[in-house]
Amino acid sequence: LPPPQVIETSTNDIRTDSAVITFTVASATSVDILYGQSAAYGGVETIPTSSIESQYSVRLNNLIDNTVYNFKFILKDVEGNDYDSIENHRFNTLPYPSIQNIQIEEVKNSAQPTVNINWTSNVPISSQLTFYPLDNPDQDRDLIELELKTEHLLTVSELLANNKYGLVVKGRDALGNEAVSDVYQFTTAADSRPPVISNVKVETRMTTAGSGENAQAQLMVSWDTDEGGTSQVEFGEGSTGPYTQRTLVDDNLTFIHLV
C-alpha cells in the first residue's frame with residue numbers, strides 16, 4: 001500500500017465552542033487530529049479509518065470562543081507506523097455575544113416618564129429589555145425586537161414617576177447564544193409638566209325651563225389630554241370677560257374629559 005495521506009480538509013460549522021473538521025484520507029488505519037491554540041497543539045482526537053479512500057467529519061468540542069486554533073493530522077498505516085501530515089491548518093472560533101456601553105437617557109417633555117435605552121453588542125444579536133419597579137419586581141415587563149444588529153435602541157414608556165427601576169438587557173445571536181447584562185438601576189423623573197389639552201369641543205343645549213328672554217342654555221365641554229388628569233372648567237360671560245365661575249373638580253384621572 002502507498003503511505004497514508006490526507007487528500008483534502010476543510011473546517012465548517014464553526015461555533016463559539018466547537019468546530020467540525022472534515023477530511024478525506026487514504027491508506028490509513030487511524031488518524032490523530034492534533035489541535036490547540038498554538039503549533040504545540042495539546043489536544044487530540046483519534047479516529048479509526050478505512051484503508052481505502054474515505055471522508056470523515058469530527059467535531060472538536062470544549063473550545064474557547066473568539067480564539068485561533070491550529071490543527072494537523074498524524075496518520076497510522078497498517079503496520080503501525082506514524083506519518084505526520086506536517087501541514088498546519090487554522091480556524092477561528094466565533095466570539096460569544098456580549099453587551100456593552102449601556103446608556104439610559106430620559107426623554108424630556110413626555111406625557112409619562114419615558115427613557116431611551118442605548119447599547120452595543122460585539123456581534124449581531126436581537127434586542128430585549130426586562131424592566132421592573134425595584135419595590136415590586138413582579139410587575140416586570142419585556143420589550144423585544146428580533147432584528148439582529150450591533151447598535152441597539154429601545155424606548156421604555158408608561159413608567160411610574162419618581163420611581164426606582166431595575167433593568168436587564170439581553171439578546172441572542174443567530175446560533176441562539178444569549179448575552180445578558182448585569183442589573184442596571186435608574187430613577188424616573190417626577191411629573192414636571194401639566195397634561196397637554198387637545199380636541200376641545202363645546203356643545204350648547206337649550207333647556208326647556210323657559211322661552212324667549214327666559215330661555216336657558218347648557219354647555220357641555222369635552223377635551224382630551226395626553227396623560228391622566230382631573231377635569232374642571234372655568235367660565236364667564238362674554239368672549240373676553242373674566243372667568244367668574246367654575247365647575248366642581250372631578251378627581252378621576254382620565255384621558256377623555258366631559259363636563
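Atom set for the values below is all heavy atoms of this structure, side chains included, hydrogens, waters and symmetry mates excluded. Note that the structure is a prediction, hence the values are computed from the model and not measured.
Salt-bridge formation is detected for the pair Asp84/Lys72: a Lys NZ or Arg NE/NH1/NH2 atom is positioned less than 4.0 Å from an Asp or Glu carboxylate oxygen. A salt bridge does not link Lys201 to Glu203: none of the charged side-chain nitrogens sits closer than 4.0 Å to a carboxylate oxygen. Between Lys76 and Asp32 no salt bridge is recorded (no basic side-chain N to carboxylate O distance below 4.0 Å).
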Chi angles and distances behind the side-chain hydrogen bond (donor to acceptor under 3.5 Å, both in side chains) call for Gln55, Ser57:
CA-CA 7 Å; Gln55 185 181 78; Ser57 291; 5.3 Å; no

Hey, mind stepping through Arg15 and Asp65 against salt bridge (charged side-chain N to carboxylate O under 4.0 Å, His left out) and telling me if it holds?
CA-CA 8 Å; Arg15 304 188 179 189; Asp65 72 292; over 6 Å; no

Going through the checks in order, is the side-chain hydrogen bond (donor to acceptor under 3.5 Å, both in side chains) test met by Thr130 and Asp140?
CA-CA 7 Å; Thr130 299; Asp140 63 311; 5.9 Å; no

For a side-chain hydrogen bond (donor to acceptor under 3.5 Å, both in side chains) check, start with the C-alpha distance between Asp250 and Thr230, then their side-chain angles and the critical distance, and finish with the verdict.
CA-CA 6 Å; Asp250 183 349; Thr230 60; over 6 Å; no

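Under a 3.5 Å cut-off, the side chain of Asn116 and the backbone N or O of Ile104 do not form any donor-acceptor pair. A donor-acceptor contact shorter than 3.5 Å links the side chain of Thr247 to the backbone of Val233. Here the side chain of Ser54 pairs a donor or acceptor atom with the backbone of Ile52 at under 3.5 angstrom. A side-chain donor-acceptor contact under 3.5 Å links Thr114 to the backbone of Gln112. No donor-acceptor pair closer than 3.5 Å links the side chain of Thr120 to the backbone N or O of Glu151. Under the 3.5 Å distance criterion, the side-chain polar atoms of Ser157 are left unmatched by any main-chain donor or acceptor of Pro113. Proximity of a side-chain donor or acceptor of Thr93 to a complementary backbone N or O of Asn66 within less than 3.5 Å is detected.
When the side chains of ILVMFWY residues are joined at heavy-atom separations under 4.5 Å, either directly or via intervening members, Ile21 and Tyr56 end up in a single hydrophobic cluster. No single ILVMFWY cluster, assembled from side-chain heavy atoms under 4.5 Å apart, contains both Val123 and Phe91. Residues Ile64 and Leu60 fall within the same hydrophobic cluster, defined by Ile, Leu, Val, Met, Phe, Trp and Tyr side chains chained together at heavy-atom separations under 4.5 Å.
Between the side chains of Arg172 and Ser126, not a single donor N or O lies within less than 3.5 Å of an accepting N or O. Thr188 and Asn163 form no side-chain donor-acceptor contact under 3.5 Å, judged by distance and modelled atom types alone. Defined by atom type and a distance below 3.5 Å, a donor-acceptor pair is present between the side-chain atoms of Thr225 and His257.
The ring of Phe23 has its center closer than 6.0 angstrom to the ring center of Phe73. In this structure, the ring of Tyr35 has its center no less than 6.0 angstrom from the ring center of Tyr41.
Shown here for Thr49 and Ser30, the closest heavy-atom pair between the two residues is OG1-N, 3.2 Å. Scanning all heavy atoms of the two residues, the minimum distance from Ala19 to Ile14 falls at CB-CG1, 4.1 Å.
The line from CE of Met220 to OG of Ser222 is 8.0 Å long, rounded to the nearest 0.5 Å. For the atom pair OG of Ser98 and CG of Asn122, the computed distance is 3.5 Å after rounding to the nearest 0.5 Å.
The aromatic rings of Phe131 and Tyr165 lie tilted to each other, with the angle between the two planes from 30° to 60°. The aromatic rings of His89 and Phe71 sit parallel, their planes meeting at an angle under 30°, below the 60° perpendicular limit.
The only option from Asp82, Ile74, Leu75 that meets the side-chain contact (heavy atoms from CB on, under 4.5 Å) definition with Pro4 turns out to be Leu75.
By the neighbour-count criterion of 12 heavy atoms within 6.0 Å, atom CZ of Arg141 is densely surrounded, having more than that number from other residues, nucleotides or ligands. Heavy atoms from other residues, nucleotides or ligands lying under 6.0 Å from CG of Asn199 number more than 12.
In this structure, the side chains of His152 and Ile125 come closer than 4.5 Å at one or more pairs of heavy atoms. Thr22 is not listed as a side-chain neighbour of Thr9, based on a closest heavy-atom distance of 4.5 Å or more. Annotation: side chain of Asp224 is not in contact with side chain of Ile197 (no heavy-atom distance under 4.5 Å). Counting heavy atoms from C-beta outward, Val169 and Tyr184 have side chains that stay 4.5 Å or more apart. By the 4.5 Å heavy-atom criterion applied to side chains, Ile102 and Asn118 are not counted as neighbours. With a 4.5 Å cut-off on side-chain heavy atoms, Val58 and Val20 do not count as touching. Contact annotation: the side chain of Tyr132 never approaches that of Gln139 to less than 4.5 Å [non-hydrogen atoms, C-beta and beyond]. The shortest side-chain heavy-atom distance between Leu167 and Phe186 falls under the 4.5 Å cut-off.
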